[in-house]
> 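Before I ask anything, here is the structure I am working with.
Just so you know, these numbers come straight off a predicted model, no measurement behind them. This chain uses plain numbering: 1 for the first residue, then up along the sequence.
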Amino acid sequence: MLSPSFTMSLDSSLNTANEAANAGKGSINGNGNAPIAQSLPSYLSQRIRLHPNTDHKPDSYEDLQLEFSPLLFSSLERYLPPSMLNVSRDNKVKYMREIILRYSSEGERNRVQRHREYRQKIISNYQPLHRELYTMHATNFFVPSFLKAINENTEESFRNIMSEPTPGVFTFEMLQPRFCEMFLREVENFEKWVNETKFRIMRPNTMNKYGAVLDDFGLETMLNKLMEDFIRPISRVFFPDVGGSTLDSHHGFVVEYGLDRDVDLGFHVDDAEVTLNVCVGKEFSGGELFFRGVRCDKHVNTETQSEEILDYTHVPGRAVIHRGRHRHGARATTSGHRINLLLWCRSSVFRELKKHQKDFSHWCAKCHLEKKERQHQSIAATKLELLKSEGEAAL
């Protein structure tokens with residue numbers, strides 16, 4: 001898959017190209033859309049959106065043999081001009097493929113192709129144990145209280161099922177026991193296949209030596225549905241400051257902890273705007289999550305305030321959702337075996353905008369504190385100047 005910021009970077013590239021191609025003609029019109037360079041084929045002489053249409057439901061491209069991730073096409077479709085939304089899927093593919101080829105580097109395309117071949121090799125050879133997991137079946141996956149809250153889709157309905165033990169960390173019952181059991185058996189089946197075939201798989205991240213990327217063995221479509229229809233509505237309400245309403249890609253994986261697995265996880269932040277973390281089992285002790293406040297890149301290693309400290313104990317079926325920049329780690333699992341499903345949700349819009357921002361006081365606690373200190377200093381300096389002026393006037 002292309003990098004999460006690709007689509008917004010693409011918009012910037014298109015904007016630059018169009019300004020050059022349309023010099024003296026007015027390259028951007030009043031509706032905020034940028035025209036595509038006129039050197040492109042006629043079916044591309046449309047105007048691409050600068051911002052995604054988050055209300056549009058894109059087509060599925062899973063059944064097509066494409067050199068890029070089908071989810072990339074679904075994500076990019078939200079940027080199509082209104083006139084393109086109702087054309088045939090084949091024409092949409094031609095339109096978007098040409099854009100991707102023009103604005104992705106050869107190195108990036110080669111990396112995407114290698115990963116696609118790697119993933120296809122797994123999917124072609126691995127036989128799922130529970131195929132019903134690979135398609136979203138909400139009533140079979142989620143507890144009724146969670147489904148009711150999602151269907152009502154209001155802040156009140158979400159808060160009715162949630163606890164917020166520290167600002168920005170929300171916990172709630174999410175997965176049915178039967179789903180957890182099936183999911184555990186599927187993970188065990190995948191690990192068995194890996195061991196028997198001696199297939200070398202990519203681990204979830206640089207921190208975990210055990211676990212697997214769920215997208216790589218066929219769960220990408222289901223997890224994308226999870227993000228779009230269930231996590232994004234929640235994130236739109238609670239995390240709008242970090243792109244919660246524009247989540248458009250994900251990294252889904254499973255981690256395993258135990259004395260013969262990863263034992264703990266060091267203090268870190270996630271490569272995500274919003275993180276969903278759900279314990280699916282099994283029996284274990286220890287392994288608590290510890291949270292220590294939200295920080296931007298500049299302040300990630302700054303001190304923790306007492307009110308930012310939270311230790312959370314995992315319960316199978318219960319979810320935790322938080323900003324990816326909320327610093328956290330996992331204490332040692334002292335006995336048993338703990339398995340968690342994680343979904344790192346990302347927003348290309350937020351990532352592109354963040355490149356041009358310097359003030360993150362709306363979500364970074366340290367930035368917020370420094371901003372308040374600057375305001376206090378400014379007020380104090382103004383008062384001092386007023387006192388001096390009054391003193392001079394009295395003389």
> Taking E228 first and then R78, would you say they form a salt bridge - that is, a charged N and a carboxylate O separated by under 4.0 Å?
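Looking at R78 together with E228, the answer is yes, because their closest N to O distance falls below 4.0 Å.
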
> E77 and Y95: side-chain donor and acceptor closer than 3.5 Å?
no

> Ignoring hydrogens and angles, state whether a donor on the side chain of Q377 or E373 is under 3.5 Å from an acceptor on the partner side chain.
no

> Check E188 with K282, please: is the shortest side-chain N to carboxylate O separation under 4.0 Å?
yes

> Out of curiosity, Y312 OH to T166 OG1, how far, rounded to the nearest 0.5 Å?
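Reported value, rounded in 0.5 Å steps: 14.0 Å.
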
> Relative to the ring of Y126, is the ring of W193 parallel (under 30°), tilted (30 to 60°) or perpendicular (over 60°)?
perpendicular

> Ring centres under 6.0 Å, that's the criterion: do H328 and F290 meet it?
no

> Measure the acute angle between the ring planes of Y118 and F199, then classify it against the limits of 30° and 60° as parallel, tilted or perpendicular.
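The arrangement is tilted - the two ring planes meet at 30° to 60°.
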
> Any donor-acceptor pair under 3.5 Å linking the side-chain atoms of H314 with those of E288?
no

> For residues W363 and F239, establish whether the separation of their ring centroids is below 6.0 Å.
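No, the ring of W363 stays outside the 6.0 Å limit from the ring of F239, centre to centre.
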
> Counting neighbours of CD on E283 that are heavy atoms of other residues, nucleotides or ligands and sit closer than 6.0 Å, is the number greater than 12?
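For E283, atom CD is not crowded (no more than 12 foreign heavy atoms under 6.0 Å).
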
> Output yes when D264 and R331 qualify as a salt bridge under the 4.0 Å nitrogen-oxygen rule, no when they do not.
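No, D264 and R331 are not salt-bridged.
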
> What's the spacing between I231 CD1 and L343 CG if we round to 0.5 Å?
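So the CD1 of I231 and the CG of L343 are separated by 6.5 Å.
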
> Is any side-chain N of the basic residue among R323 and E273 closer than 4.0 Å to the acidic one's carboxylate O?
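No, R323 and E273 are not salt-bridged.
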
> Do NZ/NE/NH1/NH2 and the carboxylate oxygens of R89 and D63 come within less than 4.0 Å?
yes

> Under a 3.5 Å threshold, yes or no: a donor from one side chain and an acceptor from the other, between N340 and R338?
yes

> Under a 4.5 Å cut-off applied to non-hydrogen side-chain atoms, are V320 and F170 in contact?
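Side-chain contact under 4.5 Å: no.
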
> Please tell me whether Y257 and Y210 form a close aromatic pair, meaning their ring centres lie under 6.0 Å apart.
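That pair fails the under 6.0 Å test.
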
> Any salt bridge linking D271 with R351? Criterion: basic side-chain nitrogen under 4.0 Å from a carboxylate oxygen.
yes

> Would you call the rings of F141 and H137 parallel, tilted or perpendicular, taking 30° and 60° as the class edges?
perpendicular

> For residues H337 and F284, establish whether the separation of their ring centroids is below 6.0 Å.
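No.
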
> Report yes or no: does H376 contribute a side-chain atom to a donor-acceptor pair with the main-chain N or O of R374 at less than 3.5 Å?
no

> Do NZ/NE/NH1/NH2 and the carboxylate oxygens of K92 and D59 come within less than 4.0 Å?
yes

> Side chains of H299 and N301: donor-acceptor distance under 3.5 Å anywhere?
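No, N301 and H299 have no side-chain donor paired with an acceptor closer than 3.5 Å.
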
> Between R119 and I122, is there a side-chain heavy-atom distance shorter than 4.5 Å?
no

> First locate atom CE of M202, then atom CG of D215, and finally report the distance between them rounded to the nearest 0.5 Å.
12.5 Å

> Would H130 and R185 count as having a side-chain donor-acceptor pair, cut-off 3.5 Å?
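Yes, R185 and H130 have a side-chain donor paired with an acceptor closer than 3.5 Å.
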
> Strictly below 4.0 Å, N to O, side chains only: are E98 and K94 in salt-bridge contact?
no

> Check the pair D311 / R292 against salt bridge (Lys or Arg N to Asp or Glu O under 4.0 Å), numbers first and verdict last.
CA-CA 9 Å; D311 282 21; R292 297 296 184 266; 3.5 Å; yes

> May I ask you to decide whether E117 forms a salt bridge with K121, counting only side-chain N to carboxylate O separations under 4.0 Å?
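Answer for the salt bridge query: no.
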
> So does E307 have more than 12 non-hydrogen atoms from other groups sitting under 6.0 Å from CD?
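Yes.
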
> Just by distance, no angles: are the side chains of S245 and R232 close enough, under 3.5 Å, to form a donor-acceptor pair?
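Looking only at side-chain atoms, R232 and S245 do not form any donor-acceptor pair under 3.5 Å.
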
> Does a donor on one side chain and an acceptor on the other come within less than 3.5 Å for T304 and E308?
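Note: T304 and E308 side chains miss the donor-acceptor criterion.
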
> May I ask you to say whether K57 pairs ionically with D229, meaning some side-chain N is under 4.0 Å from a carboxylate O?
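Looking at D229 together with K57, the answer is yes, because their closest N to O distance falls below 4.0 Å.
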
> Could you tell me whether R325 and D270 make a salt bridge, using a distance below 4.0 angstrom between a side-chain N and a carboxylate O?
no

> Can K371 and D359 be counted as an ion pair, charged N to O under 4.0 angstrom?
yes

> Hey, what's the ring geometry for F253 with H251, parallel, tilted or perpendicular (30° and 60° as the breaks)?
tilted

> Do other residues, nucleotides or ligands put more than 12 heavy atoms under 6.0 Å from R97 CZ?
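Check fails, neighbour count at 12 or below.
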
